[in-house]
Amino acid sequence: MERLTDFMLPTLWLLLRALVPVLALYVVWRSYTSFKKGQRRRDPVIMLWEETSGARFPVLYWENSIGRSKSCDICLPDATVSRDHAVLMRREEGWVVCDTGSQSGTRVNGREIEGQKLLSIGDSITMGDVTLTMRNADSPLEKRRRVFKGFSAEAASPLKLMAAASLVHLLMALQACFADGAFVLIQAAPTLIAMVMGWGLYVYSIGIQHRVSFEIETTAYLLSGIGITLLAAFDIEGVRTQLVAMFIGILLFCFMIWFMNDLDRVSRFRIYIGAAAILLFALNLLIGQENHGAKNWIKLGPLSLQPSELIKIAFVFVGTSTLDRLQTKKNITEFLIFTGICVGFLVLMHDLGTAAIFFACFLIIAFMRSGSVRTIALILSGAAFGVFLVLQMLPYIADRFAGWGHVWEHINDNLGFQQTRVLTYMASGGLFGLGTGQGGLGASGVFAADSDLVFGMLCEEQGLLLGLIVLMAIALFIFYARSDVTRSRSTFFSIGACAVAGMLLFQTCLNVFGATDVLPLTGVTLPFISAGGSSMMSVWGLMAFLKASDERTYAARRAGRRQARGGRGPSDPPPRRPGPGHMRPPPPRRDDMEDISS
């Protein structure tokens, strides 16, 4: 009987550890496929008719560039039309048009406009010798191509995905409770607290705000819970900071979703957000404390803050713009200056890992704003020269490059001690890991085992499979953002989502490749997983850009409020006497939401 018990228990624990990556993969993949299935069809919202020739131009997006250039959303092949002539945008009050510095100007119903002009159905827009009339889109809906099925033809229920993510956390916490042989219930407390916060966000978003999508929040909740449960087994006292940071991060996420609902408000506050970021950097440089070569922490009594993590949010705010501003001011000089100031502060603080993340984000935003490969090439050339100068000025950074690729030749010195231990303990975890709290990396004396090198701890205790699934979840944010590029309400959301996804993926690569000696060790955190309250708050705040880029985030909520009140919602424009052709943006069609009703 004792032999049977000795065989059964290890087998049972192995099966439980194997179940964790299976459930995590299900949550990550089904969240993404449900996101894809919930997107609206690319049907025309309105039509622009050229009366003389009978040509019809479908309007597909919330923001549409009009001009002679083939890169415009609505191309008018007429020599009297400027290359980038005007922008047609859908806003809360209705459709508006604005001229973007054209040679001949833009006229509505024969009168030249200045600034933005509100349109109604039947209005004529004249650009050069071309006159377009705005009409309702009465074309039949096109059948959606079924090219992406995922695991199922239907979208997954947000409730089921949250339940599966919570089960992942509970299975990991159960392993931690038995890590010392006896059952210790207190080890599950941080996991349960994180679950309460995640489900509280679910009730607020689905139950109170009546949103129809919860895929991005589910993925963030899954990753946060994995990180908190892992860190609780390493240091249950220290994980309190992580829990508080997750709570503040969720509040920041909700606030930013509200804040970004009004693009005019965002435009007004961008300059103040950028100024606050520069002041925070300056404060960090003046009173910050140096920690392992980098002066990137502000400590006030028992509290500590890494300003650069929160400035990431401000950086994306400053870099993004609506289409009318991009067409009117095509240069990126202001953002280039702001980037130079931010990177300069980081270099002075000797935080080159974060400086590299800011620069990668800048490249994404700069390319999306300018579309110029030549501009990006010039910027990269200048950056390469800057890196060379920094390596000459900061010898300890050069030492990291000296040990890069040769860590096994420096097992017992600073050039290879950390990475060789990480690689060794990672290999000992195998596919399914040793169990939460059973790893040896944290007790081996390796510095930053729970932060910069946490990927090694994750793979040792939970296995290589779960480690790869965590990386897959972060990498899929790129595809979330890519899917929203043409469907977002504004280029502000499109650029913001792509910048955030690229920033998180680049940061993940620096963390994982640095720990495994693929790249030099940079000392940046693994999003959601590494210990660090500033990092946890930052990533939840950055998630708001991905959430806001999904047009369902605001449209579905407005429609839900109208249905609940039996009329106009608080975000709708005031009622107007129905005149011939007046139109405001319609609520989302039911068929746009049919795949996510479950």
J.: I need the minimum non-hydrogen distance between Leu453 and Phe447, along with the two atoms involved.
T.: CD1-O, 3.5 Å
J.: So among Val316, Leu505, Ile313, which one has a side chain to side chain contact (heavy atoms under 4.5 Å, CB included) with Val500?
T.: Val316
J.: More than 12 heavy atoms of other residues, nucleotides or ligands under 6.0 Å from CD1 of Ile287: is that the case?
T.: yes
J.: Is the backbone N or O of Leu230 less than 3.5 Å from a side-chain atom of Glu461, with the two atoms forming a donor-acceptor pair by type?
T.: no
J.: Hey, would you say the Phe335 and Phe315 ring centroids sit under 6.0 Å apart?
T.: yes
J.: Is the backbone of Gly429 close enough, under 3.5 Å, to the side chain of Glu460 for a donor and an acceptor to pair up by distance?
T.: no
J.: Checking Gln175 against Gln438 for the side chain to side chain donor-acceptor pair (under 3.5 Å) test, could you report, in this order, the C-alpha distance in whole Å, the side-chain angles of both residues, the deciding distance, and whether it holds?
T.: CA-CA 9 Å; Gln175 299 170 36; Gln438 299 283 355; over 6 Å; no
J.: Apply side chain to side chain donor-acceptor pair (under 3.5 Å) to the pair Thr525 and Ser530, showing each step before the final yes or no.
T.: CA-CA 6 Å; Thr525 57; Ser530 292; 5.1 Å; no
J.: Below 30° counts as parallel, above 60° as perpendicular, anything between as tilted: where do the rings of Trp258 and Phe255 land?
T.: tilted
J.: How many angstroms lie between atom CG of Asp452 and atom CG of Leu510, to the nearest 0.5 angstrom?
T.: 11.0 Å
J.: Check Phe455 against Gly467 and note the closest heavy-atom contact, atom names and distance.
T.: CE1-O, 3.6 Å
J.: Would you say Leu170 and Leu192 make side-chain contact, with heavy atoms under 4.5 Å?
T.: yes
J.: Roughly how far apart are Ile278 CD1 and Leu283 CG, rounded to 0.5 Å?
T.: 14.0 Å
J.: Could you tell me which non-hydrogen atom of Met536 sits nearest to which non-hydrogen atom of Phe528, and how far apart they are?
T.: CE-O, 3.7 Å
J.: In terms of relative ring orientation, are Phe214 and Tyr202 parallel, tilted or perpendicular, with 30° and 60° separating the classes?
T.: perpendicular
J.: Quick one: does any side-chain atom of Thr553 pair with a main-chain N or O of Lys547 as donor and acceptor, under 3.5 Å?
T.: yes
J.: Kindly compute the distance separating CG (Asn296) from CD (Glu309), expressed to the nearest 0.5 Å.
T.: 9.0 Å
J.: List the steps, then state whether salt bridge (charged side-chain N to carboxylate O under 4.0 Å, His left out) holds for Arg552 with Glu215.
T.: CA-CA 12 Å; Arg552 298 172 297 167; Glu215 300 90 358; 3.4 Å; yes
J.: State yes or no: are the ring centers of Phe493 and Phe545 separated by less than 6.0 Å?
T.: no
J.: CD1/Ile311 to CD1/Ile273 distance, rounded to the nearest 0.5 angstrom?
T.: 12.5 Å
